[in-house]
Amino acid sequence: MADGVRVFVECSAHPVLTVGVQEVVEASCEVPSVVVGSLRRGEGGMERFVRSLAEVFVRGVEVDWKAVIGSGRRMVDLPTYAFQRTRYWL
């Protein structure tokens, strides 16, 4: 944290230290920080990893999605307002 690190990802089979790290971060600095786990017990694989990346992304961390999902897929912007009446088909 003294070096300006504000994103912490616990890389383990189950995030047992995430709560402790979050408490230390909250007690030590007033700058918003992100603390997440990567996998969960019984929930491994790419689906869980992408869900963890999404959790980091919605909390303001930049993610290189093209590196994660591949360059052959097309990304679309979704509406931010639920009643825009625009359809998005897969």
Side-chain angles (χ1 to χ4, degrees):
M1 290 183 320
D3 293 335
V5 176
R6 296 293 178 252
V7 179
F8 302 91
V9 178
E10 181 179 354
C11 298
S12 66
H14 193 72
V16 295
L17 300 175
T18 304
V19 174
V21 171
Q22 182 68 43
E23 290 174 355
V24 169
V25 167
E26 289 174 358
S28 301
C29 69
E30 297 167 1
V31 178
S33 299
V34 177
V35 181
V36 297
S38 58
L39 301 174
R40 302 280 188 276
R41 188 175 296 119
E43 294 181 39
M46 192 61 161
E47 182 178 335
R48 176 67 235 184
F49 182 71
V50 171
R51 186 178 297 162
S52 296
L53 283 176
E55 183 180 350
V56 171
F57 179 74
V58 299
R59 295 174 75 189
V61 177
E62 191 68 32
V63 175
D64 183 4
W65 289 110
K66 289 195 187 267
V68 176
I69 62 173
S71 60
R73 300 202 178 155
R74 184 175 59 116
M75 296 183 61
V76 297
D77 291 327
L78 295 177
T80 56
Y81 179 64
F83 303 104
Q84 286 179 320
R85 308 257 190 260
T86 303
R87 295 182 184 265
Y88 291 89
W89 296 97
L90 296 176

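Positions are given from 1 along the sequence.
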Distance col, row His14:NE2 vs Arg41:CZ, nearest 0.5 angstrom, shows 4.5 Å

- Pairwise distance CD(Gln22) to OG(Ser33) - rounded to 0.5 angstrom: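 So the CD of Gln22 and the OG of Ser33 are separated by 7.5 Å.
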
Each residue besides Val61 in its hydrophobic cluster should be listed here, by chain and number; the cluster joins Ile, Leu, Val, Met, Phe, Trp and Tyr at side-chain heavy-atom distances under 4.5 Å.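 Val61 clusters with Val7, Val9, Val34, Val36, Val56.
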
Arg40 side-chain N/O to Ala13 backbone N/O, donor-acceptor pair under 3.5 Å:
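Between the backbone of Ala13 and the side chain of Arg40 there is no qualifying donor-acceptor contact (under 3.5 Å).
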
| task | Examine distances only and state if a side-chain atom of Glu10 and a backbone atom of Thr18 form a donor-acceptor pair shorter than 3.5 Å. | result | yes

Is it true that Glu47 and Arg51 make a salt bridge, defined as a side-chain N closer than 4.0 Å to a carboxylate O? yes

Taking the side chain as everything from C-beta on, heavy atoms only, tell me whether Val68 gets closer than 4.5 Å to Met46.
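In short, these two side chains touch, coming nearer than 4.5 Å.
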
**Prompt:** Are Val50 and Phe57 side-chain neighbours, meaning at least one heavy-atom pair lies under 4.5 Å?
**Reply:** no

Closest heavy-atom contact between [X] and [Y]?
X	Y	result
Met1	Val24	CE-O, 4.2 Å
Ser52	Gly37	OG-O, 3.3 Å
Ser38	Ser12	OG-N, 3.6 Å

Neighbour count above 12 (heavy atom, 6.0 Å) for Phe49 CZ
no

Self-check item: Path from Val19 to Leu17 over hydrophobic side-chain contacts below 4.5 Å
Solution: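 No, no single cluster joins them.
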
